[in-house]
Amino acid sequence: MNAADALAESIVNELRALGIDVALRDVHLERPARKEHGDFSTNIALVLSKSLGRNPRELAGELAASINARPPRNLEVAQVAGPGFLNFRLRPAWLHEALGEIVTAAESSYAAPDLGHGERTQIEFVSANPTGPVHVGNGWFGAYGDALARIMTRTGWSVSREYYVNDTGGQIRLLGESVLARRRGEVPPEQGYQGEYVGEIAAQYEGSDDVVEAGRFAAEQILANIRATMERLGIHFDEWYSQAFIEESGRVAATIEELRSRGHIYDEGGAVWFRATTFGDSRDRVLVKSNGDATYLAGDLAYHRNKFVERGFHRVIDVFGADTHGQVASLRAGMEALGIDPSRLEVRIGQMISLVSGRMSKRSGNYVRLDTLIDEIGPDATRLLSLLSSIDQATTLDLDIVKERSAENPVFYVQYAHARIASIKKVAFERAVDTRPIEAVDLGLLEHERELDVLRTLVDLPRVVEEAAVDRAPYKLTNWVRRLAGDFHSFYHDCYVMGEGVAPDLTQARLWLVEAARIGLSIGLDLLGVNAPDEM
RNA sequence: GCCCUCGUAGCUCAGUGGAUAGAGCACCGGCCUCCGGAGCCGGGUGCGCAGGUUCAAGUCCUGCCGAGGGCGCCA
């Protein structure tokens, strides 16, 4: 049993002894922000005081006295603090035991709680339209989606990464028109695509003057390019799902028929309408235009029906940009109308990424290619840059500042910690330092505050991974990795592992501490999709 | 007009309803006899405004102000 569980159990038992019945799950132990407040603290006395009509400090005092009289394993002392908190200081042995557990579990199973129980989950992200190269705006959340997939996989979900390819409709025709115009040596239409890439594609295009044929040809070229960019970032999609396929396979028509049979369709003005207001949307929506074309929403409903019903995903997480969040209400309404529990669809809205020169747009040609950013600062720094903060945070990128700061990018700070670890191991090997199995090492020698700080951070990893998974918030893991790297750098500076005057037994203990730090960094960086190099 | 997200230090951002709100960058000082100085140590009164809920609010609720995004028979 770990220290927190033993503490919680003791709290429940001692409360019962005082005649207060409380469930184990209602006892919340947290790791205080300030070290002076001990290793764990609980607000249970504050929570209970109201219903019991008792003074919280007094209650906490009684509880502390009982716990101190029969202390659980490794507890040094329980103390009342502030308005009625109960703080617990543990003996360092609890951290030494944790170190043993970390090293034993190692990368494969430390901080890998099964929260998802194998639930089949699809994460759809990026899905940038194949009408131009992926840029730092529409590609920004690629690292987010991929890191989330990694984190949820580690925590027991069965995750599939998906890219929805919008390869049909008006924009493809517009793309085709732009290509054909370039081939004729003309400027693309005003609303068309102005980027240089259109000319490059036009030079390769040998097909007919049909706008759809030209558009699809261009979309294929562009998609191959997007795929290559994603690969550079280490992002591999399990599925590239085509909107054209959804339409041409009859699924759109079938979805509309199902809605009709459920009574949610009416015809008006030559168009087919979905009565979305029945399900909370702000207005009804057209599914088939009067010209006979399906709308984007019709395709999207068919697509999501395909995800849930045909492919059997129990949960779908769509990562959208704020510019398309307007479609969410309609999509949810459609799911409900189709008899699919809308709570199975999770939509994460990422705020907009813009340039100092203004909003990015493929049509106008004002954008920075993701490839360009990767060329400038490398794939690891590119990924971490977008994983530093919550996706709720709107970001304005100044490429000059990003480049300038790339030398001080947090990614180097973290990777440098990993490289130092590798270096220590290398030196240990070169000097033929004897390495004993952990059972034969006195970990109790690890008493330096720097050593304990590293351990304290490492024991937090399981909780951090869990939070990152449940909150769909990879940046929480980024924060943790940076904290661990900082703790390690401080340790490295103050505690020589093999320096002069370091007792051989202490060297042994520190080598295991270093190994645990390596495991933690390795897990964290892997979940973020960032390399953990041995040399820099 | 209605809806969504966000306002925290000069800048970029953390902060599961808890205790004295923290990091990085920038700026100013220190620190290399040891395993990599891409490092370490020190220097800090800032939660947009006003109410409310609570033992406790940066965090939850309401209103206002400000920023971004949406509200198509576009995708």
Side-chain angles (χ1 to χ4, degrees), chain A residues 28 30-34 36-37 41 43 46-47 49-50 55-56 81-85 87 129 131 166 168-172 174 191 243 268-273 282-283 285-297 299-300 321-329 349-352 354 359 388-396 398 401 404-405 407-413 415-417 419-428 430-431 433 450 463 467 470-471 475-476 478-479 482-483 485-486 488-502 507 510 514 535-536:
Chain A
H28 297 291
E30 64 179 27
R31 303 255 301 117
R34 312 183 73 85
E36 310 89 84
H37 296 150
S41 81
N43 61 355
L46 287 160
V47 172
S49 64
K50 180 102 187 220
N55 178 298
F85 290 103
N87 292 339
N129 292 346
T131 52
N166 295 160
T168 182
Q171 57 174 358
I172 296 297
L174 196 55
Q191 295 302 308
Q243 183 180 10
E268 190 179 292
V272 177
W273 290 77
S282 58
R283 49 171 296 170
R285 306 284 170 176
V286 170
L287 295 182
V288 182
K289 301 182 233 175
S290 49
N291 70 1
D293 285 352
T295 60
Y296 179 82
L297 176 62
D300 214 18
D323 56 343
T324 54
H325 92 267
Q327 66 189 257
V328 175
I349 303 294
Q351 293 304 301
M352 300 307 288
S354 50
R359 188 172 171 175
L388 287 172
S389 60
S390 152
I391 64 167
D392 289 332
Q393 195 70 40
T395 304
T396 301
D398 185 327
I401 291 182
E404 189 185 305
R405 286 190 180 167
E408 291 132 19
N409 190 299
V411 78
F412 295 108
Y413 184 77
Q415 290 183 323
Y416 187 47
R420 280 183 150 174
I421 288 172
S423 178
I424 289 173
K425 289 176 172 292
K426 186 169 155 229
V427 170
E430 285 167 0
R431 294 185 192 170
V433 173
R450 299 302 198 190
R463 184 185 51 80
E467 259 183 48
V470 171
D471 298 345
Y475 77 91
K476 294 191 174 187
T478 312
N479 288 341
R482 296 176 73 181
R483 186 153 60 92
F488 185 80
H489 283 307
S490 295
F491 158 78
Y492 180 91
H493 186 266
D494 289 354
C495 303
Y496 285 96
V497 175
M498 293 162 288
E500 296 163 20
V502 178
T507 291
R510 285 180 173 171
V514 168
E535 287 178 4
M536 299 193 56

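Labels below follow one simple rule: chain letters A, B, ... track the order of the sequence lines, proteins then strands, and each chain is numbered from 1. What's counted below: heavy atoms across the whole structure, side chains too, no hydrogens, waters or symmetry copies.
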Report yes or no: do A/Q171 and A/N129 form a side-chain donor-acceptor pair below 3.5 Å? yes

What I want to check is whether the side chains of A/R420 and A/H489 have a donor and an acceptor closer together than 3.5 Å. yes

Taking OP1 and OP2 of B/U16, is either one under 4.0 Å from a side-chain nitrogen or oxygen of A/R31? no

Stems formed with participation of RNA chain B [Watson-Crick or G-U wobble, under 3.5 Å, three or more pairs]: B:1-7 with B:65-71, B:10-13 with B:22-25, B:27-31 with B:39-43, B:48-52 with B:60-64

Should A/Y475 be counted as stacked on B/A14, where stacking needs a ring-centre gap under 5.5 Å and an angle between planes under 30 degrees? no

Could you list all N or O pairs between the protein and nucleotides 54-62 of chain B that sit under 3.5 Å apart?
from  : atom 1 : to    : atom 2 : distance (Å)
B/C55 : OP1    : A/K50 : NZ     : 2.1

With no angle test and no hydrogens, is the base of [N] tied to the side chain of [X] by a donor-acceptor pair under 3.5 Å?
X: A/N479; N: B/A23; value: no
X: A/R463; N: B/U16; value: no
X: A/H325; N: B/G69; value: yes

Using a 4.0 Å heavy-atom cut-off across all strands, classify A/D293 as base, sugar-phosphate, or nothing. nothing

How should the glycosidic conformation of B/C47 be described, syn or anti, under the criterion that syn lies within 90° of 0? anti

In whole angstrom, what separates A/R283's CZ from B/G72's P? 5 Å

